[in-house]
Amino acid sequence: VGACHLELVQPLRAMRLEALDGLRWVFSTQVVLFHFYSDGDTTFAQFSRWGSTWTQFFFLISGFVLALSEMKKPPGKGQLSLVAYLSKRLAQLYPAYLLTFGLNLALYGSPTSTFARFAFFAHVFLIQSWAPVCESTSTACTPLMYVGEAWFISDLLFYWLLIRPLARALRGRSVLFSQITLVCCWLFSFVLGWGSKDDRLAHLIGCPGHLCRYTVHQWLSYSPLGYFHVFLAGVALARMRLPRGGAVERVAEPDPEQSPNDLRMLAEDARPLCPQDAEHPPDLKGALKSNRGSARPLVVLHFARAPSWLLSFGCCLGFLGYAALICFASRLLSTDYVFLHNGGLLPLHVLVLLGAAKGEDPIAANVFSTLPFTFFGRISYIQYLMQHRFRDMYTEAFGWEGIAPVAFIPSLVAFSWLCQRLWLKPV
């Protein structure tokens with residue numbers, strides 16, 4: 001079972017895995033490279049084409065972080081209503097989305113056709129990707145109209161409706177069950193890849209027409225159907241990171257003014273859980289004092305199994321595998337794109353995520369957790385949303401020749417920081 005130690009967990013709203021912020025920015029930038037630098041036969045263009053395969057990582061990391069937060073909450077303790085939970089989540093994303101949406105309308109005008117108005121309201125309520133609809137005359141589809149990059153937020157909103165029942169269901173299951181779930185999620189990527197080749201899924205459901213086949217492609221590429229297994233894989237990973245039994249062994253909510261003797265007795269009461277750490281109990285008094293004034297001070301004492309050395313180098317191994325694919329299997333991107341884009345790279349992404357979450361991986365500790373990458377991580381979302389709007393303004397002013405493509409990414413970062421600073425919150 002690995003090494004065992006007592007672990008003190010701070011109130012959940014204070015918990016943050018810093019390396020994951022840096023990862024978000026790196027993969028957000030990879031997607032930008034795919035959109036604007038993937039044309040041509042250069043080595044850099046070949047590298048940029050693989051940037052699209054990191055889109056699925058955002059669903060994996062969302063499932064992991066949200067489920068981990070839910071699973072570490074004591075059962076029945078102060079659960080928000082579904083409306084309050086969704087409002088809390090949307091409050092973090094909708095302002096940036098609203099800014100991008102408004103800028104899009106300012107640049108390209110308001111909707112004129114009936115279908116465009118339908119898509120407009122779908123985007124307002126972030127349901128544009130739940131059931132993609134395509135127009136027969138122009139093959140314009142709801143997920144990619146207006147703020148095309150926001151299709152993934154629409155999918156996330158759908159998954160947020162399911163995260164709490166999913167977390168509760170897996171919390172009570174064994175680690176082996178979660179491991180099997182993770183493997184099944186990856187295998188489902190093969191099903192999607194098979195269905196996308198030669199429009200097999202469209203023909204299977206009796207849909208041979210061009211518009212119908214194109215709509216099926218939109219469902220596979222942008223709807224919640226195409227990535228639910230990736231999100232579920234993140235939930236399964238969260239369960240695998242929990243202590244033995246899937247739940248905390250001891251939960252205490254003592255008064256911060258308790259005497260040192262009372263707190264010492266609390267720590268001693270937890271020692272039988274992990275006898276070898278009996279000489280080093282957690283600093284409960286200091287933790288409670290530091291959290292004085294919080295709505296519900298919480299101290300959790302539980303088993304924590306040391307992950308294997310494999311996870312200590314998860315980022316290194318994941319990126320090494322990614323580099324091997326680029327160098328030796330680049331043709332797969334053209335023959336098996338949907339498979340790779342919709343979960344086929346889960347084994348590599350899982351390694352990267354767990355390596356970053358543990359924080360001991362050399363890349364996670366020395367690169368992604370550093371101050372610059374933490375800063376970049378805080379603007380990754382607005383950078384992702386603004387990429388096409390800013391690129392249109394940028395090329396209008398400077399073109400796309402000479403040094404302009406080189407200066408685009410730094411300019412996009414600066415513009416994203418400005419939007420974050422003026423519209424959202426200081427970083």
Asks: Closest heavy-atom contact between T215 and P132?
Replies: CG2-O, 3.8 Å
Asks: Please check this pair: side chain of D361 against backbone of G314, looking for a donor-acceptor N/O pair closer than 3.5 Å.
Replies: yes
Asks: So does S48 get a backbone contact from the side chain of S38, meaning a donor-acceptor N/O pair under 3.5 Å?
Replies: no
Asks: Per the salt bridge (Lys or Arg N to Asp or Glu O under 4.0 Å) rule, what does the pair list look like for residues 223-232, sequence neighbours excluded?
Replies: none
Asks: Using the side-chain contact (heavy atoms from CB on, under 4.5 Å) rule, take V31 and Y384 through it: C-alpha gap first, then chi angles, then the decisive distance, then the call.
Replies: CA-CA 8 Å; V31 176; Y384 177 84; 3.6 Å; yes
Asks: Can you tell me how far CH2 of W160 sits from OG of S62, rounded to the nearest 0.5 angstrom?
Replies: 6.5 Å
Asks: Could you tell me if H229 and S189 have a donor-acceptor pair between their side chains, going purely by distance under 3.5 Å?
Replies: yes
Asks: Give me the ring orientation class for W25 and F373: parallel if the planes are under 30° apart, tilted from 30 to 60°, perpendicular past 60°.
Replies: perpendicular
Asks: Nearest heavy-atom pair of L211 and C134: which atoms, and what distance?
Replies: CD1-CB, 3.9 Å
Asks: Measuring from I326:CD1 to T43:OG1, what's the distance to the nearest 0.5 Å?
Replies: 11.0 Å
Asks: Does R239 use its side chain to pair, donor to acceptor, with the backbone of R173 at less than 3.5 Å?
Replies: yes
Asks: Does any part of the side chain of Y222, heavy atoms only, come nearer than 4.5 Å to the side chain of C141, both counted from C-beta?
Replies: no
Asks: Does NZ or CZ of R24 fall inside the cone over F58's six-membered ring, less than 6.0 Å from its centre and within 45° of the axis?
Replies: no
Asks: To the nearest 0.5 angstrom, please state how far the CZ atom of F376 sits from the CG atom of L23.
Replies: 14.5 Å
Asks: Less than 6.0 angstrom separating the ring centers of F34 and W54, yes or no?
Replies: no
Asks: One pair to check against side-chain contact (heavy atoms from CB on, under 4.5 Å): Y85 and I163. What are the steps and the verdict?
Replies: CA-CA 11 Å; Y85 179 80; I163 182 60; 3.4 Å; yes
Asks: Does R391 reach the side chain of T395, with side-chain heavy atoms less than 4.5 Å apart?
Replies: yes
Asks: Do Q387 and H35 meet the criterion of a side-chain donor-acceptor pair at a distance under 3.5 Å?
Replies: yes
Asks: For a ring-ring contact (aromatic ring centres under 6.0 Å, His included) check, start with the C-alpha distance between F390 and F408, then their side-chain angles and the critical distance, and finish with the verdict.
Replies: CA-CA 9 Å; F390 180 73; F408 173 72; 5.8 Å; yes
Asks: Indicate yes or no: at least one non-hydrogen side-chain atom of L182 is less than 4.5 angstrom from one of L232.
Replies: no
Asks: Could you check whether any side-chain heavy atom of T53 comes within less than 4.5 Å of a side-chain heavy atom of L325, counting everything from C-beta outward?
Replies: no
Asks: Measure the spacing between CG of L340 and OG1 of T335 and express it to the nearest 0.5 Å.
Replies: 7.5 Å
Asks: Do F319 and C315 have side-chain heavy atoms sitting under 4.5 Å apart?
Replies: yes
Asks: Do the side chain of T100 and the main chain of A96 share a donor and acceptor less than 3.5 angstrom apart?
Replies: yes
Asks: Classify the ring geometry between F57 and F27 as parallel (under 30°), tilted (30 to 60°) or perpendicular (over 60°).
Replies: perpendicular
Asks: Which side-chain N or O atoms in residues 344-353 pair as donor and acceptor under 3.5 Å with protein atoms at least two apart or in another chain?
Replies:
none

Asks: Relative to the ring of H341, is the ring of Y337 parallel (under 30°), tilted (30 to 60°) or perpendicular (over 60°)?
Replies: parallel
Asks: Between N366 (side chain) and P362 (backbone), is there a donor-acceptor pair under 3.5 Å?
Replies: yes
Asks: Charged N to carboxylate O under 4.0 angstrom, R389 versus E149?
Replies: yes
Asks: Hey, could you give me each pair passing disulfide bond (SG atoms under 2.5 Å apart) that has a residue in residues 157-209? Not counting sequence neighbours.
Replies: C207-C212
Asks: Should L126 and Y94 be marked as a side-chain contact (heavy atoms from CB on, under 4.5 Å) after you check the CA-CA gap, both sets of side-chain angles, and the distance that decides it?
Replies: CA-CA 9 Å; L126 280 174; Y94 204 84; 3.8 Å; yes
Asks: Just grab all the salt bridge (Lys or Arg N to Asp or Glu O under 4.0 Å) pairs involving residues 313-331, residues at least two apart or on different chains.
Replies: none
Asks: Parallel, tilted or perpendicular: which fits the ring planes of Y37 and W400, with parallel below 30° and perpendicular above 60°?
Replies: tilted
Asks: CZ of F121: more than 12 outside heavy atoms within 6.0 angstrom?
Replies: no
Asks: As an exercise, state the distance from OG of S221 to CH2 of W151, rounded to the nearest 0.5 Å.
Replies: 8.0 Å
Asks: Any pair with a residue in residues 54-69 that passes salt bridge (Lys or Arg N to Asp or Glu O under 4.0 Å), sequence neighbours left out, goes on the list, sorted by first then second residue, please.
Replies: none
Asks: Closest heavy-atom contact between T142 and H123?
Replies: O-NE2, 2.8 Å
Asks: For the residue pair Q420 and I382, what are the closest heavy atoms and their distance?
Replies: OE1-CG2, 3.7 Å
Asks: Run the ring-centre check on F231 versus Y227 and record whether the distance is less than 6.0 Å.
Replies: no
Asks: Rounded to the nearest 0.5 Å, how far does OG of S330 lie from CZ of F47?
Replies: 13.5 Å
Asks: Quick one, R378 and W417 - any side-chain contact, counting heavy atoms below 4.5 Å?
Replies: no
Asks: What do the steps show when you test H217 against L201 for side-chain contact (heavy atoms from CB on, under 4.5 Å), and what is the final call?
Replies: CA-CA 9 Å; H217 172 74; L201 181 59; over 6 Å; no
Asks: Is the shortest heavy-atom distance from the side chain of H203 to the side chain of P208 under 4.5 Å?
Replies: yes
Asks: Nearest heavy-atom pair of G226 and L192: which atoms, and what distance?
Replies: O-CD1, 3.5 Å
Asks: If you look only at pairs with a residue in residues 191-214, which of them pass as a salt bridge (Lys or Arg N to Asp or Glu O under 4.0 Å), with sequence neighbours excluded?
Replies: K197-D336, D199-R213
Asks: Identify the heavy atoms of S223 and Y159 that sit nearest to each other, and give their distance.
Replies: O-OH, 4.5 Å
Asks: Is any side-chain heavy atom of D21 closer than 4.5 Å to a side-chain heavy atom of F375?
Replies: no
Asks: From the options Y394, Y146, F36, select the one residue that forms a ring pair (Phe, Tyr, Trp, His ring centres under 6.0 Å) with H388.
Replies: F36
